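Hydrogens, waters and symmetry mates are skipped; everything else that's a heavy atom, side chains included, is used. Chain naming here is simple, since letters A, B, ... match the order of the sequence lines and numbering starts at 1 in each. None of these values were measured; they are calculated from a predicted model.
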Amino acid sequence: MFEQSIGKRSEKVKNTVERGAVKKFAEAIGDLHPLYIDEAYGQRSRFGENIAPPTFPRVFAYGAIEGLVLPPKGLIHGEQRYHYTRPLLVGEDVYCFLEVKNYEEKAGKSGQMGILTLGGHGLDDAGEAIFTSEQVIIISAAVRRMMRV
Amino acid sequence: MTMRTMQPGEELKSVTLPPVSRLDLIKYAGASGDFNPIHTIDEEAENAGLPGIIAHGMWTMGNLTQLFTPYLEDGLVTDYHIRFRGMVFLDDVLTLTATLTERDGKHLTFDIGTVKTNGDTVLAGQAVYELYE
């Protein structure tokens with residue numbers, strides 16, 4: 001179904017680690033640590049700035065991959081990875097894109113299901129990687145049948 | 001507990017969250033931009049064959065990372081890797097855990113997980129923490 005998409009990438013999208021968005025996100029995950037939200041604390045920290053929680057890249061836009069259209073509902077999030085070379089700093093710009101790392105199909109209880117692996121990338125102004133992520137999405141047999149209609 | 005002296009088998013202080021509420025998930029939808037309605041609207045969850053709304057997997061993972069937050073000025077969590085193993089429903093009570101399994105110089109590897117009161121595993125995986133020099 002998505003075999004032909006393997007290796008395809010989106011165009012980079014510029015995102016900003018917005019102070020208000022970080023605070024809202026930290027609150028939503030129950031982690032209002034001053035390192036995330038207290039400006040003076042951030043300035044005194046080794047980073048000289050507040051940082052964002054490790055799962056914050058969920059907020060970023062990554063652009064669309066040509067030919068990869070996923071249904072808005074019915075997908076199952078199977079697995080998630082993040083790899084960081086340094087924390088995300090509040091106020092900085094991050095250039096994000098997505099790539100299709102793999103797609104395979106396996107026999108499930110109710111038919112063939114699809115397993116899609118997407119890789120996310122976040123680069124700084126100089127093009128250096130800040131983080132990479134990997135998301136494994138399971139497309140059930142029922143959802144695959146709906147997508148064909 | 002400090003990361004510099006911690007030994008394999010020791011745990012970070014675990015956290016038990018208040019029962020999952022609809023407002024938790026509405027807030028996460030707004031903060032993350034994930035508005036999949038199975039996380040907030042009963043009817044949509046039922047149409048998807050679920051007994052009720054379920055938490056965003058990333059909400060649970062996001063909560064789990066708080067175990068490491070007190071240590072982020074002494075080191076970086078270079079890697080988080082988790083597998084989602086079970087669904088979280090309203091009123092579930094979740095406990096977040098991290099156990100040191102291996103220490104190799106400045107790298108500390110943890111088993112991380114989230115379990116319900118009944119013992120069901122919601123997610124499980126590993127985190128690698130690297131001490132700054």
Original post:
Would you say F89(B) and V20(B) are hydrophobically clustered, going by side-chain heavy atoms of ILVMFWY under 4.5 Å?
Top reply: no
Subject >> Neighbour count above 12 (heavy atom, 6.0 Å) for Q7(B) CD >> reply: yes
Original post:
For the hydrophobic clusters of this structure (ILVMFWY residues joined by side-chain heavy atoms under 4.5 Å, transitively), does one cluster hold both L90(B) and L17(B)?
Top reply: yes
Original post:
Distance from Q126(B) atom CD to R81(A) atom CZ, nearest 0.5 Å?
Top reply: 9.0 Å
**OP:** Report, by ascending residue number, the residues of residues 120-139 of chain A in heavy-atom contact with chain B at a distance under 4.5 Å; give 'none' if the set is empty.
**Re:** none
Original post:
Where along residues 27-44 of chain A does a heavy atom come under 4.5 Å of chain B, listed by residue number?
Top reply: E27(A), A28(A), I29(A), G30(A), D31(A), H33(A), L35(A), Y36(A), Y41(A)
Subject >> Proximal to chain B - members of residues 84-119 of chain A, heavy-atom separation under 4.5 Å >> reply: Y84(A), T85(A), R86(A), P87(A)
Original post:
Taking atom CD of Q80(A) and atom CE of M58(B), what is their separation to the nearest 0.5 Å?
Top reply: 4.5 Å
**OP:** Counting only heavy atoms closer than 4.5 Å, note whether E44(B) contacts chain A via side chain, backbone, both or neither.
**Re:** side chain
**OP:** Pull out the residues in residues 22-32 of chain B that come under 4.5 Å of chain A, heavy atom to heavy atom, sorted by number.
**Re:** K27(B), Y28(B), G30(B), A31(B), S32(B)
Subject >> Other residues, nucleotides, ligands: >12 heavy atoms within 6.0 Å of K8(A) NZ >> reply: yes
Subject >> Greater than 12 external heavy atoms within 6.0 Å of K116(B)'s NZ >> reply: yes
Original post:
Does I51(A) share a hydrophobic cluster with L131(B), counting links as ILVMFWY side-chain heavy atoms below 4.5 Å and allowing steps through other members?
Top reply: yes
Original post:
Taking a hydrophobic cluster as the set of Ile, Leu, Val, Met, Phe, Trp and Tyr residues connected by side-chain heavy atoms closer than 4.5 Å, whether directly or through intermediates, do L96(B) and V115(B) fall within one such cluster?
Top reply: no
Original post:
Which one of D79(B), L64(B), V128(B) has the most heavy-atom pairs closer than 4.5 Å to chain A?
Top reply: D79(B)
Original post:
Most heavy-atom pairs under 4.5 angstrom with chain A, which of L72(B), I38(B), N36(B), V15(B)?
Top reply: L72(B)
**OP:** Indicate yes or no: at least one non-hydrogen side-chain atom of R58(A) is less than 4.5 angstrom from one of D34(B).
**Re:** yes
**OP:** Find the distance between OH (Y80(B)) and OG1 (T55(A)) and round it off to the nearest 0.5 Å.
**Re:** 8.5 Å
Original post:
Taking the six-membered ring of Y132(B), is the NZ or CZ of R46(A) close enough (under 6.0 Å from the centre) and on axis enough (within 45°)?
Top reply: yes
Original post:
Using a distance-only test with no angle check, is there a side-chain donor-acceptor pair under 3.5 angstrom linking E79(A) and H81(B)?
Top reply: yes
**OP:** With a 4.5 angstrom heavy-atom cut-off, could you sort out which part of L75(A) is near chain B: side chain, backbone, both or neither?
**Re:** neither
Subject >> Donor-acceptor contact below 3.5 Å, side chain H83(A) vs main chain T78(B) >> reply: yes
Original post:
So if you build clusters from Ile, Leu, Val, Met, Phe, Trp, Tyr with side-chain heavy-atom gaps below 4.5 Å, do F84(B) and L70(A) land together?
Top reply: yes
Subject >> Residue part contacting chain B, namely of F47(A), when any heavy atom lies under 4.5 Å >> reply: side chain
Subject >> Residue selection (most heavy-atom pairs with chain A, distance under 4.5 Å) from V77(B), L123(B), T69(B), T65(B) >> reply: T69(B)
